[in-house]
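Everything on this sheet refers to the single structure shown next.
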Amino acid sequence: MPLFSQSPRPSYSDEELLAGYQRTGRLPWLGMLYERYTDMVYGVCLKYLQNETEAEDAVMAIFEELVEKARKHEIDSFRPWLYVLTKNHCLMFLRKQKRTITNSFDPHRMYSGDTAHPIAEEYIEDPNIERLEYCIEQLNEAQQKCIRQFYLDDKSYKDIAGEQNLPMGTVRSHIQNGRRNLRKCIEEKAAKEK
Amino acid sequence: MPEQNNILTRLRQWLRGEARRQDETELDRTAQTDDFLREAMEGYRSLPTSNHAERTEALRNRLRQRAAPDHNIRTLPWLRIAAGLFVILVAVGGFYFLNQPTTPALAERETVERADGETKEIEAQDFAPQQAGNEGQRDEETKGQRDEETKGQRDEETKGQGMVDDSRPNTEEKTANQTLIEPQDLAAPQEDVAPPRDEIAALQEDRVPPPTDPVSSLPTRAITLSDGSALVRRGRIVDTAGQPVPGVELRSSEQGEVISLSDAQGLATLDTAVQRVIVERTGFQPVQWPVEKSANPYLQLQPTEAPSPASYSLKSRVRSAQPPMTLAYPSVGYDSLRRWLQERTTTPLQQLSFSFTVHRDGRLSDATPKDSSDQAYVEEIFSILQQGPVWVLPPGVDSIRVNYQF
C-alpha cells in the first residue's frame, strides 16, 4: 500500500485497510474492511438474536462501535477481534433486553467430523450406501426430492428451487431437515445391524 | 489472506444458493475449526426460510451509504460543532453590531461595568469585541484549569471502552459552558460520571486503591466513585501454556447468565456485583472463579481431559457460595453419550426434550418432559440415562438442573 494513499482498494489486506482507517480516520477504509465480514457478522447476530430485523440493526450498530474502537484499540488480528466484538455486542443486547440466552444441547445441530454431512463422499463410496438408499426412501417426498438433487445430482439450492418452483428458503429447509433425519436413520440402522 | 477470501466467497455463494454439495461440505469442514464461521452458519441455519442473500445484500448497501466519503464528516463531530458555532457567532455578532444602542445612558452603564471604577468612557461598540476577547481568555483559562484538575483523576481512571470515557467529552463541554454562564451548576456534570448510589453501596466493600492494586497494569474498565477511588474486577484467562484464551464466557453463578467475555488478550472484566462466576469455553474444563480479595488475577484453564483445578480467585470478597444453574456435562462427552443411548434404545430415537437433576453423588432424578415431549418416552430414555456414564459437576455444587434435547 502506498504510504500516503487516500483511497482504499479491494486488493488491500485487512491489516492495510485497518491501518488506512487508523491513519486517515476516513470511513471508506473501515467500510470496505467491515463489508468483507458482513455475512459472518450477520450470521452470528442471527444465531444469538433469532430475529432478522434485530440482527440487521446489530450489524449496523457494531459498525458504529467499530468507528470508535478501531481507532483507539491496538488490533493485532482484525477477524478474531471482530468475532469477539460481535459476540459481545449480541450478548450485551440480550442482557439489556433481559432475554435468556439458551444453552440447550441439541446433538443434531452440532458439528463433528463424522456427522456434519451424512452423504459426504465417504458415505457414498463405502458400504453405507445401502443404508443410505434405504434411509432416503424413508424421507418424505419433498425432502427426498431435494436431497437427491442436491447430493446425488450435484445441483445447487438455486437450481433446485428453479426446477421445483420453490422458494430457496424452502429448499434449504427441506435439505436441512432431510439431512438431520438421514443422519439419525443411518445411525439407528447401523446400531440395529450390530 | 487468500484462504480467508476463499471462505468468505464460499459463504456468500452458499447464501445465494449457488453452492453445490462439495462446496457446502467443504464449508462445514472449515467451520469445525473456525468458530466465527461456525456460529455464522448456525445462525443462518437457525432461520432456513429467510432470504439471507437478499438481506445481506441490502445490509451491504446500507453500509456503503454509511461509509460513503460524504458521511465522513460524522467522524469529526467537533468540526461540525465548530462550524455551527462559527456561523452562530457571525450571525449574532452581525446582529449585535447592527443593533448597537446609541443612547448615552446605555453607553455609560456599560462603561461602569467594564471599567470597574475607572472614569474613562468606552463606547458600546468598542466594548463588545473586548468582552468577547475576555470571554475567550476566560474560556481558555477555565479549560486549562480544568485540564490540570482532571489530569490526575484521569490518570487513575482506566482507558477502557466504558461509560466513563464515553461520557467525558460531553461532560467537559457542558462544564466549560456552565463556567461562563452559571458557575453554581458546575457540580452537576460530575454526577453523570459517578455510578448510581445503590451500585456504590453494593460495591462499597470492594474499593481498591489504584496504587497498591497488583493488577493495575492490566487494561480494564473502572467505575470511579465520588471519592476518586476505583472499583475494578478484572483478570486474565490463560491456557496451560500461558497463552491468553479469548471468547471465554463468564457466567453469574446466581443467575446463570453470561456477564462477560474474555477479549483477544484473554482479559475479562466484570462490571456487575457478583460473588462468584462460572468460567466456560469449549475444549476447557468449566471452573468456578470466586471473586475474592487478595488473590491471583490470572486464571489458568485446563483442557477437557485434565483434572479440574479446585478454584481460582479474582479481586473482591466472597460471602457465600450459591449453586450455579447449569454446567453439568457427561464425563464421556455428549457425542459418546448420544451413541451410547442409541445403542441401548429398542426403538429409534425420536425428537424429545426434557430436564432432570444431576446430584453430586452421581444420581439423576426428577425428569420432566418439555416442549410436549411424550412422558412415557422421556421416562424410558431417562431410565437408560440413569444407568449411563457419570455426569460431572463443577466443584462446590451439590446438584444442577440440566436441559437435555434430542
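All of these numbers come straight from a predicted model, not from anything done at the bench. The chains referred to below are lettered A, B, ... by the order of the sequence lines, with proteins before strands, and numbering in each begins at 1.
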How close do A/Ser173 and B/Thr49 get, counting heavy atoms only, and between which atoms? CB-CG2, 4.3 Å
dist A/Glu35:CD -> B/Arg60:CZ (nearest 0.5 Å) comes out at 6.5 Å
Taking all heavy atoms of A/Gln176 and all of B/Pro48, pick out the closest pair and write down the distance. OE1-CB, 3.9 Å
Would you name the heavy atoms of B/Ala40 and A/Met40 that are closest together and state the gap between them? CB-O, 3.5 Å
Here the pair of heavy atoms bringing B/Glu24 nearest to A/Tyr151 is OE1-OH, 4.0 Å
Segment of A/Val41 engaging chain B (4.5 angstrom heavy-atom cut-off): both
Chain A contact via B/Leu15 - which portion, at a heavy-atom distance below 4.5 Å: both
Heavy atoms of A/Arg36 and B/Arg12 approach each other most closely as O-NH2, 4.3 Å
Is the backbone N or O of A/Arg172 less than 3.5 Å from a side-chain atom of B/Arg45, with the two atoms forming a donor-acceptor pair by type? no
Validation row: B/Glu39, A/Thr86 side chains within 4.5 angstrom (heavy atoms): no
dist A/Ser156:OG -> B/Arg16:CZ (nearest 0.5 Å) comes out at 11.0 Å
For B/Ala67 against A/Phe63, the heavy-atom pair lying closest together: CB-CZ, 4.2 Å
Nearest 0.5 Å, what's the OH-CD distance between A/Tyr157 and B/Glu18? 13.0 Å
Nearest 0.5 Å please: distance from the CZ atom of B/Arg64 over to the OH atom of A/Tyr34. 14.0 Å
Contact part of A/Asn177 toward chain B, heavy-atom cut-off under 4.5 Å: side chain, backbone, both or neither? neither
Between chain B and each of A/Ala55, A/Gly43, A/Gly169, count heavy-atom pairs under 4.5 Å; write down the option with the most. A/Gly43
Check the surroundings of atom CD in B/Glu54: do more than 12 heavy atoms from other residues, nucleotides or ligands lie under 6.0 Å from it? no
Give me the ring orientation class for A/Tyr37 and B/Phe36: parallel if the planes are under 30° apart, tilted from 30 to 60°, perpendicular past 60°. parallel
Could you go step by step and tell me if B/Arg62 and A/Val59 meet the side chain to side chain contact (heavy atoms under 4.5 Å, CB included) rule? CA-CA 10 Å; B/Arg62 275 174 75 184; A/Val59 171; over 6 Å; no
Do the non-hydrogen side-chain atoms of B/Leu59 and A/Met60 ever get within less than 4.5 Å of each other? yes
Please check if the number of heavy atoms outside A/Glu137 that lie under 6.0 Å from its CD is greater than 12. yes
Looking at A/Met168, A/Arg79, A/Lys87, A/Lys189, which makes the most heavy-atom pairs under 4.5 Å with chain B? A/Arg79
Donor-acceptor pair, B/Arg21 side chain versus A/Asp154 backbone, under 3.5 Å? no
Answer yes or no: is there a donor N or O on one side and an acceptor on the other, between the side chain of B/Tyr44 and the main chain of A/Asp39, under 3.5 Å? yes
Side chain / backbone / both / neither for B/Asp34 at chain A, heavy atoms under 4.5 Å: side chain
